[in-house]
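Input: a single structure, listed below in structure tokens.
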Amino acid sequence: MTDVFDPAPAAALLAQAWREGRQLSEIPADIRPRNLLEGYALQEAFIKAYAAETGDREAGWKLGVGSAAAMQAAGTERPLVGRVLSGHRYDNGATVKVLCQAPITVEFEVAFVLGRDIAPGAAPADPMQAVASTHIAFELVLSRFINRRAVGWPSFVGDSVGFEASILGPQIDAAAIHRGIASVSVQANGQAMGGGLSGDDAIDPVQMLRHLFDHACYHGLTLRAGDVVTTGAVAKPFDIAPGETDLSAQFLGRTLSARVVPARD
């Protein structure tokens with residue numbers, strides 16, 4: 001292996017796996033990213049390759065591994081950042097067709113829609129000054145790897161932090177986020193799946209948005225007006241098996257819902 005990392009071979013491998021609904025055991029060692037910087041280079045190439053092949057386009061950002069407990073367990077100092085694609089972003093009540101028939105991790109999150117472009121280094125001191133609206137959302141995590149935890153963080157970052165789909169729900173009052181987290185209720189097929197996270201397991205959605213601004217500045221990326229930013233789980237994540245699942249959540253008097261079904265049916 002040379003000292004210069006070329007993300008193109010691994011990006012093509014991941015893009016093909018996503019298009020075909022397959023999962024990989026790992027990226028071959030000779031084309032695998034060795035650190036997070038190479039992982040983000042792979043992510044950029046992977047998303048561009050997938051978008052070029054499918055006609056999709058970038059539509060926002062996702063953050064993960066952002067709680068104090070998660071970062072300590074991962075040995076990282078900041079959350080991980082991935083991309084959201086327009087063809088995998090849905091509105092409230094949508095039916096989401098998933099090609100890869102493997103367990104999906106469901107995360108109930110707070111999402112922001114950016115109200116203006118943010119060039120590197122031009123983020124406001126108060127992140128909410130760049131926000132047009134605040135929403136509740138589901139994120140579906142379904143990695144291109146069979147075991148996303150076993151492949152290492154650089155590969156997982158290259159895989160866009162396991163992004164499969166996001167469902168943008170009703171608008172909420174940003175000032176009431178923390179009050180709402182204490183009473184959030186999430187269901188799968190009518191069964192309660194746990195409530196809001198607290199303590200070291202919790203995240204601060206506004207602080208996560210600030211992390212995204214820092215990430216974009218460091219990597220020279222311009223955030224765009226209309227970008228959707230999902231900020232990480234505020235309720236206990238859970239897995240659903242392949243097949244049909246009805247998801248719902250209640251937060252501050254608002255209801256979020258989606259149906260997940262196999263794409264081949």
Side-chain angles (χ1 to χ4, degrees), residues 7-29 31-33 39-62 64-65 80-109 137-168 188-189 193 228 230 233 237-247 257-265:
L13 193 65
L14 291 174
Q16 182 179 13
W18 202 4
R19 290 196 322 273
E20 297 177 355
R22 296 185 297 105
Q23 289 182 308
L24 311 169
S25 58
E26 61 183 358
I27 296 173
I31 59 171
R32 184 186 306 158
Y40 282 115
L42 171 55
Q43 179 185 122
E44 178 87 6
F46 163 45
I47 293 299
K48 289 189 181 304
Y50 180 82
E53 293 162 359
T54 61
D56 215 332
R57 61 180 180 82
E58 296 172 29
W61 304 84
K62 59 152 288 181
V65 195
L80 304 181
V81 178
R83 306 295 182 95
V84 170
L85 291 174
S86 62
H88 291 256
R89 200 202 67 72
Y90 300 84
D91 293 325
N92 195 25
T95 295
V96 181
K97 296 182 178 180
V98 179
L99 185 59
C100 180
Q101 293 306 287
I104 298 169
T105 299
V106 178
E107 297 183 353
F108 176 80
E109 310 192 4
F138 284 128
E139 185 194 346
L140 306 183
V141 178
L142 179 52
S143 174
R144 267 49 64 181
F145 299 111
I146 296 169
N147 186 340
R148 65 181 186 263
R149 296 176 178 86
V151 297
W153 296 118
S155 289
F156 185 53
V157 162
D159 184 36
S160 201
V161 196
F163 173 76
E164 171 62 30
S166 65
I167 301 95
L168 190 68
N189 290 331
M193 302 305 292
V228 174
T230 59
F238 57 91
D239 288 349
I240 57 174
E244 295 190 7
T245 302
D246 288 317
L247 300 172
S257 65
R259 167 169 284 190
V260 182
V261 302
R264 294 190 178 95
D265 283 2

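Once rounded to the nearest 0.5 Å, the distance linking CG of N92 with OG of S257 reads 4.5 Å.
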Given the rule in the side-chain hydrogen bond (donor to acceptor under 3.5 Å, both in side chains) test, do R148 and T105 qualify, once you have shown the distances and angles that lead to the verdict?
CA-CA 11 Å; R148 65 181 186 263; T105 299; 3.1 Å; yes

**Study point:** Check against side chain to side chain contact (heavy atoms under 4.5 Å, CB included), V96 and I167
**Key:** CA-CA 9 Å; V96 181; I167 301 95; 4.0 Å; yes

*asked:* As a quick check of understanding, evaluate side chain to side chain contact (heavy atoms under 4.5 Å, CB included) for N189 and L247, giving each step before the final call.
replied: CA-CA 6 Å; N189 290 331; L247 300 172; over 6 Å; no

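The main-chain N or O of P262 is never found under 3.5 Å from a side-chain atom of Q101 such that the two would form a donor-acceptor pair. Under a 3.5 Å cut-off, the side chain of E53 and the backbone N or O of K48 do not form any donor-acceptor pair. With hydrogens and angles ignored, the 3.5 Å screen pairs a side-chain donor or acceptor of Q23 with a backbone N or O of F145.
With sequence neighbours left out, the salt bridge (Lys or Arg N to Asp or Glu O under 4.0 Å) criterion links E139 to K62. Applying the salt bridge (Lys or Arg N to Asp or Glu O under 4.0 Å) rule to D239 yields no partners; only residues at least two apart in sequence or on another chain are considered. In this structure T54 satisfies the side chain to side chain donor-acceptor pair (under 3.5 Å) test with no other residue, sequence neighbours excluded. Considering only residues two or more places apart in sequence or on other chains, F163 meets the ring pair (Phe, Tyr, Trp, His ring centres under 6.0 Å) condition with none of them. For Y40, the ring pair (Phe, Tyr, Trp, His ring centres under 6.0 Å) partners two or more places apart in sequence, or in a different chain, are H215, H219.
There is a side-chain donor-acceptor pair under 3.5 Å between S86 and D56.
For residues 154-164, every residue pair satisfying the salt bridge (Lys or Arg N to Asp or Glu O under 4.0 Å) rule, not counting sequence neighbours, is listed here: R144-D159, R144-E164.
Shown are L13, L85, L142; of these, the side chain to side chain contact (heavy atoms under 4.5 Å, CB included) with W18 is made only by L85.
Put simply, the side chain of I104 does not reach to within 4.5 Å of the side chain of V141, judged on heavy atoms.
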